[in-house]
**Student:** 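Mind having a look at this structure? Questions to follow.
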Number of protein chains: 2
Amino acid sequence: MQDSEHIIICENPSINDVIAKLNEAFNERRTTIIVGSCRVDYHGRASSKLEYGERIVIIKEDGSVLVHRSKGYEPVNWQPSGCVLQALKDNDELIIKATKRNPSETVTIFFDRVYLLSIFKLIDEGKFSLYASEEDMQRAILIEPTLIEEGFKPIDYERKVEPGFIDIYGVDKNGRMVVVEIKRRTANKEAVLQLAKYVEYLRKDLSREVRGILAAPDISREANHLLLSLKLEFRRVDPKKCFKILKKNRVRKITDFFK
Amino acid sequence: MQDSEHIIICENPSINDVIAKLNEAFNERRTTIIVGSCRVDYHGRASSKLEYGERIVIIKEDGSVLVHRSKGYEPVNWQPSGCVLQALKDNDELIIKATKRNPSETVTIFFDRVYLLSIFKLIDEGKFSLYASEEDMQRAILIEPTLIEEGFKPIDYERKVEPGFIDIYGVDKNGRMVVVEIKRRTANKEAVLQLAKYVEYLRKDLSREVRGILAAPDISREANHLLLSLKLEFRRVDPKKCFKILKKNRVRKITDFFK
DNA sequence: GCCTAGGTCCCGTAC
DNA sequence: GTACGGGGCCTAGGC
């Protein structure tokens, strides 16, 4: 729980005050929220310029930086975790520099007004669990291979071959090799091409027949056309149904399967 | 600028207080920041569960919702813009529901403690511009010379001549010499004079016709006047397009490998 | 370090 | 509306 000493909330703080508190926050790896009027420069893989306006800036304890406008999911400027932070004063403005290597990038935020500065030591050990992801579908198919077809026997998953990673491969009831590409959304042309890439490679490499099956909740018309012309197959698989299968088999872990 | 009436900052507010203020904020499309201890459920394309922990929640005026942990660029849970918001009380907890159609999704946030509630009417008309660097533009033109004109063939770049470095020079489809000066922002008179300097030098040095082309996203009126009087040319080149050409080229090289 | 691939991707754009 | 591609994508995992 937050002690009062772990919380700083300042309304309309002076620039000098903000700078002092920020540098302390950076040192002690606190999470910081700044609301105020600012402009932002970015230089790195591209360059950008954002003119003055009122925004929310979040600086996290791992050094990630987010500049949020009043609309939209995405930050207008940002820096991923691991950047070096610096707060300084120039021309009566608060300047926050966030610098990163690899790729070498800099975000510089110029505040001419700060309405709110707040600094926290956030304690967050809560576990995050995601269900009905592609990984869930993969695990469900390994547990219940009839989701693909009767007689399908998986041999391995996430297998690295020359062009990339094969989601699942195995053999069908007639002993033919089967490559399965899984998508958790409506499969598009790209997904078909991905599958085709693996099938093509394995056909050449093994000099034997290889079936390619795209497993997804749906497939777009164009993707289906492409799929058929490439003599690949589609199998409708529902991510939620996969999740239900996993719930039934909760104890078994993915790695147990092949032991 | 923020009037005091446009700003609400409450430290350790009561749940009832938060609910009242939130519903008003939702109605009046304010931007809201809540810091406190919460858990989060998500149901939609997938499902997720996040256990209790201290987090930052941002609710924007367009109905987008972000739940941020103390680390990382990405929100742990979110809702893109256009969702319906609701704040209510249950079991002494503050519940915020954000519901969206197409796809049908719900994020529910349960707060058992609120440390900070702040509500703003953010005024932000600042223009955002994304640029490629001048070097990026140069590389894009070398890869795709038709950005200058049909039939242009670059010969060299960053070539040192008496007055300085020529960005790119080459020949046009008629075999005439072409000097290209690149600017990543609206070109001004200085840019025109820089180009004129190179062209002048080469005309004298080589005793042959030399075309001068200024490549930039835009040109100022005065600079254009000067350009025309000096019988130089302007070619509009979009930095974003350059950036895309570079990206595509990078991808193409990788995918070529598998063809 | 590079490369591969997924994402509740989001977002714009073309059809 | 659906489909497709791009992103400063970010992030995780393998080599």
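What you are looking at is a predicted structure, and each value in this text was computed from that prediction instead of being measured. Naming: A, B, ... by sequence-line order, numbering from 1 per chain. Hydrogens, waters and symmetry mates play no part in the numbers below; they use all other heavy atoms, side chains included.
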**Student:** Just checking A:E181: base, sugar-phosphate only, or nothing, at a heavy-atom cut-off of under 4.0 Å?
**Tutor:** sugar-phosphate

**Student:** Under 4.0 Å between a side-chain N/O of A:R185 and OP1 or OP2 of C:dC9, yes or no?
**Tutor:** yes

**Student:** Name all residues meeting the ring-ring contact (aromatic ring centres under 6.0 Å, His included) criterion together with A:F110; count only those two or more places apart in sequence or in a different chain, and write none if there are none.
**Tutor:** none

**Student:** Quick one: side chain to side chain donor-acceptor pair (under 3.5 Å) partners of B:D62, sequence neighbours excluded?
**Tutor:** B:S64

**Student:** Quote, to the nearest angstrom, the P distance that separates D:dG8 from D:dC4.
**Tutor:** 23 Å

**Student:** Write down the distance separating the P atoms in C:dT8 and C:dT4, rounded off to the nearest Å.
**Tutor:** 22 Å

**Student:** Please report the interatomic distance NZ(B:K60) to CD1(A:I56), rounded to the nearest 0.5 Å.
**Tutor:** 7.0 Å

**Student:** Report yes if some heavy atom in the side chain of B:I182 is under 4.5 Å from a heavy atom in the side chain of B:R184; otherwise report no.
**Tutor:** no

**Student:** When we call it a touch if two heavy atoms are under 4.0 Å apart, what does A:V161 touch: a base, just sugar-phosphate, or nothing?
**Tutor:** nothing

**Student:** Pairs in or reaching into residues 63-81 of chain B: which pass salt bridge (Lys or Arg N to Asp or Glu O under 4.0 Å), with residues at least two apart or in two chains?
**Tutor:** A:D124-B:R69

**Student:** Using only side-chain N and O atoms of A:K197, determine if any of them is under 4.0 Å from OP1 or OP2 of C:dA5.
**Tutor:** yes

**Student:** For A:F165 and C:dG7, what is the distance between atoms CZ and P respectively, to the nearest whole Å?
**Tutor:** 15 Å

**Student:** When rounded to the nearest 0.5 angstrom, what is the spacing between CG in A:L202 and CD1 in A:I166?
**Tutor:** 4.5 Å

**Student:** A:R184 CZ to C:dA5 C1': how many Å, rounded?
**Tutor:** 15 Å

**Student:** Could you say whether A:K160 or B:A46 is positioned toward the 5' end of DNA chain C, judged by the nucleotide with the nearest heavy atom to each?
**Tutor:** A:K160

**Student:** Does A:K183 reach a base, just sugar-phosphate, or nothing at all? Heavy atoms under 4.0 Å.
**Tutor:** sugar-phosphate

**Student:** What does C:dC2 pair with, Watson-Crick or G-U, if both distances are under 3.5 Å?
**Tutor:** D:dG14

**Student:** Between B:R101 (CZ) and C:dT8 (C1'), how many Å, whole number?
**Tutor:** 18 Å

**Student:** List every contact pair, protein side and nucleotides 10-12 of chain D side both N or O, where the distance is under 3.5 Å.
**Tutor:**
{"from": "D:dC10", "atom 1": "OP1", "to": "A:R45", "atom 2": "NH2", "distance (Å)": "3.1"}
{"from": "D:dC10", "atom 1": "OP1", "to": "A:W78", "atom 2": "NE1", "distance (Å)": "3.0"}
{"from": "D:dC10", "atom 1": "OP2", "to": "A:R45", "atom 2": "NH1", "distance (Å)": "3.1"}
{"from": "D:dT11", "atom 1": "OP1", "to": "B:Y73", "atom 2": "N", "distance (Å)": "2.9"}

**Student:** Whole-Å distance between D:dC15 P and A:E162 CD?
**Tutor:** 13 Å

**Student:** Partners of A:T99 by side chain to side chain donor-acceptor pair (under 3.5 Å), sequence neighbours excluded?
**Tutor:** none

**Student:** Give the rounded distance in Å between these two atoms: CG of A:D156 and C1' of D:dG14.
**Tutor:** 14 Å

**Student:** What pairs with B:E28 under side chain to side chain contact (heavy atoms under 4.5 Å, CB included), at least two apart in sequence or on another chain?
**Tutor:** B:E24, B:R30

**Student:** Quick one: on DNA chain D, does A:Y42 or A:E190 contact a more 5' nucleotide (nearest heavy atom)?
**Tutor:** A:E190

**Student:** Quick one: list whatever passes side chain to side chain donor-acceptor pair (under 3.5 Å) with A:Y42, sequence neighbours left out.
**Tutor:** A:E105

**Student:** When you measure from every atom of DNA chain C, which of residues 56-70 of chain A have a heavy atom less than 4.0 Å away?
**Tutor:** none

**Student:** Counting any heavy atom closer than 4.0 Å, what does B:F128 reach on the DNA or RNA strands: base, sugar-phosphate only, or nothing?
**Tutor:** nothing

**Student:** Quick one: list whatever passes side chain to side chain donor-acceptor pair (under 3.5 Å) with B:E51, sequence neighbours left out.
**Tutor:** none

**Student:** CG of A:N77 versus P of D:dG8: gap in Å, rounded?
**Tutor:** 10 Å

**Student:** Using 0.5 Å steps for rounding, measure from the OG1 atom of B:T32 to the CD1 atom of B:I58.
**Tutor:** 10.0 Å

**Student:** Roughly how many Å is it from CD in A:E134 to P in C:dA5, rounded to a whole number?
**Tutor:** 11 Å

**Student:** Name all pairs fulfilling the side chain to side chain donor-acceptor pair (under 3.5 Å) condition that reach into residues 207-223 of chain A, sequence neighbours left out, sorted by first residue then second.
**Tutor:** A:E149-A:R211, A:D172-A:R211, A:R176-A:E209, A:R211-A:E233, A:D218-A:R236

**Student:** Each nucleotide N or O in nucleotides 1-4 of chain D that has a protein N or O under 3.5 Å away: list the pair and distance.
**Tutor:**
{"from": "D:dC4", "atom 1": "OP2", "to": "A:S220", "atom 2": "OG", "distance (Å)": "3.2"}

**Student:** Could you list all the side chain to side chain donor-acceptor pair (under 3.5 Å) pairs where at least one residue sits in residues 77-87 of chain B, not counting sequence neighbours?
**Tutor:** B:S48-B:N77

**Student:** Please confirm whether any donor atom in the side chain of A:Q79 sits under 3.5 Å from an acceptor in the base of D:dG8, or the reverse.
**Tutor:** yes

